[in-house]
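My structure is below; once you've seen it, I'll send some questions.
Every chain is numbered from 1, with letters handed out A, B, ... down the list of sequences.
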Amino acid sequence: MADEVVLLDLWASMFGMRVRIALAEKGIKYEYKEEDLKNKSPLLLQMNPIHKKIPVLIHNGKPVCESLIIVQYIDEVWKDKSPLLPSHPYQRAQARFWADFVDKKVYDVSRKLWTTKGEEKEAAKKEFFETYKILEGELGDKPYFGGETFGYVDLAFVTFYSWFYVVETFGEFSIEAECPKIIAWAKRCLQKETVAKTLPDQKKVYEFIRQMRGE
Amino acid sequence: MAELKLFRTWSSPFALRVVWALDLKGIQFDTIFEDLTNKSSSLLQYNPIYKKVPVLVHNGKPLAESLVILEYIDETWKQTPLLPEDPSERATARFWAKFGDDKVLPSVWNVFIKQGKDQEEAIVTAHENLRNLEGLISGKKFFSGETIGLVDLAFGWLANLLGVFEE
């Protein structure tokens with residue numbers, strides 16, 4: 001019986017992009033459904049009644065919610081191709097820790113850059129760089145967070161690259177100036193077809209945010 | 001022989017989950033109690049990112065974040081499994097554990113620490129969250145079914161604090 005895979009998503013969502021990269025890495029065919037977050041579909045509300053958010057993966061009618069949980073699910077179901085998490089429990093724990101760090105820190109600190117002003121914004125800028133420096137430290141001299149190959153943490157974080165132009169424009173700074181290793185790493189990831197095909201153009205994302213802000 | 005150390009405080013609900021998981025699996029470990037107003041250099045060395053408990057150190061290698069630790073314990077010691085085998089059920093368990101930490105715990109905590117109108121709003125949010133849990137456990141012995149699992153450990157703090165919450 002063929003697998004039926006549906007993804008409820010928003011093209012600009014860095015969380016949705018994680019799932020799209022995972023599906024591409026595993027070569028899974030799926031139906032993509034674009035959601036309008038101002039007018040959520042009945043399917044979305046039915047499949048994710050608790051959070052009413054995207055992404056939601058629907059596999060043979062059963063929903064999976066929360067992007068990192070979806071990625072782990074994909075890795076466990078389609079386990080014979082392109083493993084996303086390491087095989088050793090300690091390394092898996094480290095990968096989960098760092099992906100969780102990205103979830104806890106990166107989105108909120110980025111968001112504050114286009115939603116706050118003045119002192120609050122300056123504080124957000126400081127926190128942004130503190131967070132990115134920690135990630136740079138964790139990357140070290142490795143080509144990827146996962147080591148020699150692209151892995152779970154790379155997948156969790158690289159999707160934010162499509163938002164770098166938004167962050168730099170609203171934040172009025174250059175990420176490359178402070179964290180060159182992060183930019184180098186992101187460009188390395190973009191050499192992978194699955195990443196390059198998934199991540200939207202940074203300027204398009206910027207226009208999307210501007211529209212959302214009513215500019 | 002494996003060397004296992006757990007850095008914790010007596011009351012941290014996050015640390016208690018790790019204790020319960022290790023006890024359920026019958027694993028021996030040493031406990032180091034931390035004074036959070038005067039953190040040990042070991043804790044700061046093992047968890048430089050968050051500087052929090054719990055931290056589990058296994059043969060000298062540190063692990064932080066309670067849910068990450070629980071999954072590590074489950075993968076390393078296979079007796080009395082905390083997570084089911086089926087990937088869909090695993091995803092569901094992870095979802096509810098995360099919901100607990102992201103939504104339920106902060107909403108209940110807000111009821112404890114806020115006052116006046118803020119507290120009233122916190123109570124409404126907490127009730128909504130708890131209603132979702134009611135739906136989840138209805139008809140079952142534990143959140144995870146017939147036996148204790150990840151979600152039960154994640155919500156253990158709630159069992160303990162229900163009386164305090166009601167008051």
Looking at side-chain heavy atoms only, is the closest gap between A/Tyr90 and B/Thr76 below 4.5 Å? no
Exercise: identify the closest heavy-atom pair between A/Ile69 and B/Ala91: CG2-O, 3.5 Å
Report which part of A/Arg96 has an atom under 4.5 Å of a heavy atom belonging to chain B: side chain, backbone, both, or neither. both
B/Gln79 atom CD, neighbour heavy-atom count above 12 within 6.0 Å: yes
Check the surroundings of atom NZ in A/Lys133: do more than 12 heavy atoms from other residues, nucleotides or ligands lie under 6.0 Å from it? yes
Please check if the number of heavy atoms outside B/Gln115 that lie under 6.0 Å from its CD is greater than 12. no
With a 4.5 angstrom heavy-atom cut-off, which part of A/Lys105 approaches chain B: side chain, backbone, both or neither? side chain
When you look at CD of A/Glu120, are more than 12 heavy atoms from neighbouring residues, nucleotides or ligands closer to it than 6.0 Å? no
Turns out that what part of B/Pro48 lies under 4.5 Å from chain A's heavy atoms comes down to neither
Mark yes when over 12 heavy atoms from residues, nucleotides or ligands other than A/Trp11 sit less than 6.0 Å from its CH2; otherwise mark no. yes
Distance-minimising heavy-atom pair for A/Cys65 and B/Phe95: CB-CE1, 3.8 Å
What's the shortest heavy-atom distance between B/Val68 and A/Ala93, and which atoms? CG1-O, 3.3 Å
Assess whether atom NE2 of A/His51 is packed by more than 12 heavy atoms of other residues, nucleotides or ligands within 6.0 Å. yes
Tell me, for B/Ile69 versus chain A, whether the close heavy atoms (under 4.5 Å) come from the side chain, the backbone, both or neither. neither
Should the heavy atoms of other residues, nucleotides or ligands under 6.0 Å from CD of A/Glu4 be counted, would the total exceed 12? no
Inter-residue atom distance A/Trp98.CH2 - B/Glu65.CD, 0.5 Å rounding: 10.5 Å
Above 12 or not: heavy atoms from other molecules or residues under 6.0 Å from NZ of B/Lys140? yes
Option in A/Lys104, A/His59, A/Gln94 with maximal non-hydrogen atom pairs under 4.5 Å from chain B: A/Lys104
For the residue pair A/Phe101 and B/Tyr50, categorise the inter-ring angle as parallel (less than 30°), tilted (30 to 60°) or perpendicular (more than 60°). tilted
Pairwise distance NZ(B/Lys103) to CD1(A/Ile50) - rounded to 0.5 angstrom: 10.5 Å
Pairwise distance NZ(A/Lys62) to CG(B/Asp86) - rounded to 0.5 angstrom: 5.5 Å
Give, for atom CD of B/Glu85 and atom CD of A/Glu76, the distance between the pair rounded to the nearest 0.5 Å. 10.5 Å
Is A/Glu66 close to B/Phe99 at the side-chain level, that is, under 4.5 Å between some pair of heavy atoms? no
Measure B/Arg94 against the heavy atoms of chain A and call it side chain, backbone, both or neither at under 4.5 Å. both
